[in-house]
2 protein chains.
Amino acid sequence: MERSPAQHLPDKTEPAPKQRIQDEIRRDIIFGVLPSGSRVTEAALASKYGISRVPVREALRALEMEGFVESKPYAGSTVAAIPFDEAEDLFAVREALEAVIARRAARRAAAQFAAGRPDDGWWGIRKEIAQILHDGDEAVAADLQERLPELNIRFHLAIAELGSSTSLTALLRQIARKIEWLYAADVKSRGKHSWSEHWAIMAAIDAGNADDAGTLMAAHVNESRVGYVSRFRSEDSDSPAG
Amino acid sequence: MERSPAQHLPDKTEPAPKQRIQDEIRRDIIFGVLPSGSRVTEAALASKYGISRVPVREALRALEMEGFVESKPYAGSTVAAIPFDEAEDLFAVREALEAVIARRAARRAAAQFAAGRPDDGWWGIRKEIAQILHDGDEAVAADLQERLPELNIRFHLAIAELGSSTSLTALLRQIARKIEWLYAADVKSRGKHSWSEHWAIMAAIDAGNADDAGTLMAAHVNESRVGYVSRFRSEDSDSPAG
DNA sequence: ACAACAAGATTTGTATACAATCATCATTCG
DNA sequence: CGAATGATGATTGTATACAAATCTTGTTGT
């Protein structure tokens with residue numbers, strides 16, 4: 001068939017203009033380049049990225065559903081804001097969600113090995129996780145902790161994919177990006193949130209131990225939450241993503 | 001100015017073509033008019049609803065993010081399917097999510113009353129909930145239980161809005177629609193899932209009792225889950241939304 | 001008969017043009 | 001002088017046209 005060379009490398013060559021600018025805008029929002037409340041017009045973004053208004057429009061709509069921008073009909077779009085008091089609630093929901101995800105991943109791992117050999121899709125994700133864990137260890141050893149947030153999100157999302165539940169993966173993606181937004185408001189907050197715990201979680205999943213996986217994951221997320229609130233609690237109710 | 005008569009009645013006259021067909025398509029998916037796996041092309045939907053491809057396109061993208069359709073670049077969109085084994089996980093996440101939401105609503109209610117008089121936005125939602133509760137009681141009394149699912153979703157979403165957390169509301173909307181999809185697969189499943197419990201939850205929120213509100217809500221969702229699994233457990237692993 | 005291959009058709013992705021609506025500001029009337 | 005009002009500009013919503021990519025189908029060679 002002689003497929004296109006960009007088959008399983010959708011992020012290297014040209015990841016489709018729409019997705020590209022969507023990630024770009026979200027990144028600018030998360031890292032404060034586009035502050036909360038600022039207006040984002042389709043025409044301005046279109047000319048900025050050298051493309052038409054249609055892809056920009058779709059990207060804005062997607063970001064609206066993700067909660068990063070708010071738009072009213074015929075009135076335009078503005079960058080949203082996360083009130084500070086939502087942070088703890090988001091962490092609480094994430095803890096429950098990730099516990100369910102970890103349990104599911106463990107159950108599926110056990111089922112895969114019980115049925116003989118796991119299928120290729122499972123192994124593909126499993127190998128990606130191994131790579132992520134390795135890269136994280138390397139980053140910790142080299143004191144390049146600014147790489148950890150990205151690797152951290154990728155790890156958690158990969159665990160979700162290992163459970164092969166598109167619904168739960170989508171939910172986690174939504175929550176994780178919001179929490180990343182809250183974190184990014186403080187530049188010096190990007191420490192190693194106990195990267196080593198990831199290994200234990202992965203081991204429990206590999207062993208097919210759903211209870212341990214869920215418990216470890218919940219504790220892991222909870223520790224992340226404690227780290228967050230202890231850092232921001234002193235700054236009163238100032239909006240971190242504003 | 002002589003405003004358009006469709007000012008605060010966005011659902012009666014012409015609720016914007018895009019939103020309209022988006023809801024229409026989702027409804028057709030939820031109730032099986034568009035079965036899982038069937039192809040949905042932009043051109044067909046455009047001609048069906050007598051509009052252009054652009055609004056159809058945006059609606060499909062939104063539904064893709066909601067998880068109702070899957071689409072690959074240049075390949076088209078197909079109606080998605082919820083594997084049966086995701087149902088219990090969705091209920092588990094929803095239980096945790098709604099408990100957090102109820103607690104938040106109770107905290108906010110207490111704060112509103114503590115600060116003198118609640119603002120108009122809060123009262124608007126509160127009055128809407130009163131109406132929903134009333135309509136639900138009427139439907140139960142008149143044995144018109146087919147109206148309860150819609151009222152049920154509206155109640156739970158209104159509680160989320162009472163807590164004024166856009167993030168949590170968006171998450172609940174995503175989960176609730178998925179669960180509605182699972183429910184709708186069985187036509188005779190639309191019973192009164194203990195509507196009276198809603199009154200107790202609302203009372204706890206009004207009293208500002210976060211612990212009670214969260215506990216009652218969790219129990220309420222859990223009961224719904226039990227009702228679901230007891231109904232579908234016998235049908236083995238048949239995909240209910242397929 | 002079957003597989004590899006290529007051309008046509010179908011469908012999505014993008015660009016441009018136009019219509020509908022809202023925000024702003026000058027104007028005018030009380 | 002203030003507030004309602006009407007015109008103007010800016011921005012989004014929609015429609016149409018074209019380009020890019022994929023899927024299907026017919027063909028051909030073994």
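Throughout, protein chains are lettered first and strands after them, A, B, ... in sequence-line order, and every chain is numbered starting at 1. Being a predicted model, the structure only gives us computed values, none of them experimental.
Look at CD on B:E70: it is 15 Å from P on C:dT12, rounded to the nearest Å. Between B:Y49 atom OH and D:dA15 atom P the separation is 15 Å, expressed in whole Å. As rounded to whole Å, 9 Å separates atom P of C:dA23 from atom CZ of A:R39. Taking atom CD of residue A:E58 and atom P of nucleotide D:dT12, one finds them 15 Å apart after rounding to whole Å.
An OP1 or OP2 oxygen of D:dG13 is reached within less than 4.0 angstrom by a side-chain nitrogen or oxygen of A:R57. Taking 4.0 angstrom as the limit, A:R61 places a side-chain polar atom (N or O) nearer than this to OP1 or OP2 of D:dG13.
Residue pairs meeting the side chain to side chain donor-acceptor pair (under 3.5 Å) criterion with at least one partner in residues 125-134 of chain A, sequence neighbours excluded, are A:R126-A:D206, A:Q131-A:D135.
Here D:dT12 is the nucleotide among C:dA15, D:dT12, C:dG13 with the atom lying nearest to any side-chain atom of A:E42. For A:R53, the listed nucleotide lying nearest its side chain is D:dT12; candidates were C:dA15, D:dT12, C:dT11. Ranking C:dA15, C:dT11, D:dT14 by closeness to the B:T41 side chain, first place goes to C:dT11. Counting only heavy atoms from C-beta on, A:Y74 has its side chain closest to D:dG13 among D:dG13, C:dT12, D:dT14.
We find that A:R107 and B:D89 are joined by a salt bridge, their nearest charged nitrogen and carboxylate oxygen being less than 4.0 Å apart.
The shortest distance between side-chain heavy atoms of B:L171 and A:Q174 falls below 4.5 Å.
B:R154 places no side-chain N or O within 3.5 Å of a backbone atom of B:I132 that could act as its donor or acceptor partner.
Summary of the strand contacts: B:A75 and A:A75 both lie near DNA chain C, and taking for each the nucleotide with the nearest heavy atom, the more 5' one is attributed to B:A75.
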